[in-house]
Amino acid sequence: QVQLVESGGGLVQAGGSLRLSCAASGRTFSRNAMGWFRQAPGKEREFVAAISWSGGTTYYADSVKGRFTISRDNAKNTVYLQMNSLKPEDTAVYYCAADTFPKTNGDYAYWGQGTQVTVSS
C-alpha cells in the first residue's frame with residue numbers, strides 16, 4: 001500500500017507559479033514511479049507529467065511542456081510539480097499517483113486525494 005497526500009495548491013494569477021508536493025508513505029517510495037494528473041470541471045482526467053523511480057526519465061503532456069517540471073526527492077519521499085507561466089486553462093484539481101512504472105495513461109495503482117489549483121485571468 002502507498003498513501004499519497006498532495007499539497008501546495010491555491011489561487012494564482014495568470015503568469016504566476018506554484019509548486020505542488022506529493023508526500024508518500026507506505027511501500028518504499030523510491031521503488032515507485034510517480035505521475036501527476038489533473039481534472040478540470042466537466043472534463044476527463046488528463047495526464048500532466050510522470051517520473052521514473054530514479055528521476056532519470058520524465059514525461060510531459062504537450063500542453064505543459066516547457067512550463068511544468070516534475071522532480072522527486074527520494075530521501076524525503078516526495079514528488080514535486082513546479083508549475084510556471086500558469087494559464088487559466090491549467091485550473092483543475094491536481095492528483096498525484098504511484099505505480100511500478102511511469103505511464104501517461106491513468107492506470108496507476110495508488111492515488112492521492114487531490115489539490116485544487118485555480119488560475120485567474
Side-chain angles (χ1 to χ4, degrees):
Q1 286 287 342
V2 177
Q3 293 77 44
L4 303 172
V5 179
E6 303 94 336
S7 62
L11 174 64
V12 64
Q13 289 188 333
S17 298
L18 282 175
R19 188 176 81 157
L20 305 184
S21 300
C22 175
S25 60
R27 187 177 113 175
T28 304
F29 175 75
S30 61
R31 296 179 184 173
N32 291 312
M34 302 294 296
W36 284 99
F37 290 77
R38 67 186 182 187
Q39 187 167 20
K43 296 187 177 180
E44 293 187 353
R45 185 173 59 195
E46 65 174 358
F47 168 75
V48 176
I51 189 167
S52 62
W53 67 269
S54 68
T57 303
T58 56
Y59 305 87
Y60 295 95
D62 288 342
S63 59
V64 307
K65 203 170 293 182
R67 300 188 298 122
F68 291 11
T69 303
I70 188 171
S71 62
R72 65 189 297 159
D73 185 338
N74 287 344
K76 295 183 178 180
N77 291 350
T78 302
V79 64
Y80 305 98
L81 184 69
Q82 178 66 45
M83 307 186 294
N84 299 329
S85 302
L86 283 161
K87 305 175 181 180
E89 51 263 44
D90 294 318
T91 295
V93 177
Y94 283 71
Y95 299 90
C96 70
D99 210 314
T100 304
F101 300 104
K103 292 167 277 191
T104 61
N105 61 28
D107 188 21
Y108 281 74
Y110 305 102
W111 291 85
Q113 292 300 307
T115 185
Q116 176 70 47
V117 171
T118 303
V119 184
S120 63
S121 57

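Values reported hereafter were calculated over all heavy atoms of this structure, with side chains retained and with hydrogens, waters and symmetry mates removed.
Take Thr100 and apply the side-chain contact (heavy atoms from CB on, under 4.5 Å) test, not counting sequence neighbours, and it matches Arg27. Glu46 meets the salt bridge (charged side-chain N to carboxylate O under 4.0 Å, His left out) test with Arg38; sequence neighbours excluded. In terms of the side-chain hydrogen bond (donor to acceptor under 3.5 Å, both in side chains) criterion, residue partners of Thr118 (sequence neighbours excluded) are, by chain and number, Gln116. Asp73 is linked by a side-chain hydrogen bond (donor to acceptor under 3.5 Å, both in side chains) to nothing, counting only residues two or more places apart in sequence or in another chain.
Taking Ile, Leu, Val, Met, Phe, Trp and Tyr as members and joining any whose side-chain heavy atoms lie under 4.5 Å apart, directly or through other members, Leu11 forms no hydrophobic cluster with any other residue. If you chain together ILVMFWY residues whose side-chain heavy atoms come under 4.5 Å of each other, Trp53 ends up in a group of its own.
Taking CD1 from Ile51 and SG from Cys96, the interatomic distance works out to 12.5 Å, rounded to the nearest 0.5 Å. Rounded to the nearest 0.5 Å, atoms CD (Gln82) and CD1 (Ile70) are 12.5 Å apart. Of the inter-residue distances, the one linking Arg31 atom CZ with Asn74 atom CG reads 12.0 Å to the nearest 0.5 angstrom.
Pairs engaging residues 65-101 under the ring-ring contact (aromatic ring centres under 6.0 Å, His included) rule: none recorded [sequence neighbours left out]. The list of salt bridge (Lys or Arg N to Asp or Glu O under 4.0 Å) pairs with a residue in residues 58-69, not counting sequence neighbours, reads Asp62-Lys65, Arg67-Asp90. The list of salt bridge (Lys or Arg N to Asp or Glu O under 4.0 Å) pairs with a residue in residues 6-18, not counting sequence neighbours, is empty. A ring-ring contact (aromatic ring centres under 6.0 Å, His included) check over residues 31-51, counting only residues at least two apart or in different chains, returns the pairs Phe37-Phe47, Phe37-Tyr108, Phe37-Trp111. Each salt bridge (Lys or Arg N to Asp or Glu O under 4.0 Å) pair with one or both residues in residues 99-117, not counting sequence neighbours, appears once here: Asp99-Lys103.
Placement of Tyr110 and Leu81 within a single hydrophobic cluster is found when ILVMFWY residues are connected by side-chain heavy-atom separations under 4.5 Å, directly or transitively.
Here the closest non-hydrogen pair linking Ser121 and Ala14 is CA-CB, 4.3 Å. In terms of heavy atoms, Ala98 sits closest to Met34 at CB-SD, 3.5 Å.
No side-chain heavy atom of Val12 sits less than 4.5 Å from a side-chain heavy atom of Met83.
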Under 3.5 Å donor-acceptor pairs involving side-chain atoms of residues 16-25, not counting sequence neighbours:
unit_1	atom_1	unit_2	atom_2	d
Ser17	OG	Asn84	OD1	2.9
Ser25	OG	Gln3	OE1	3.3

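More than 12 heavy atoms of other residues, nucleotides or ligands lie within 6.0 Å of CD in Glu89, so this atom counts as buried by the packing criterion.
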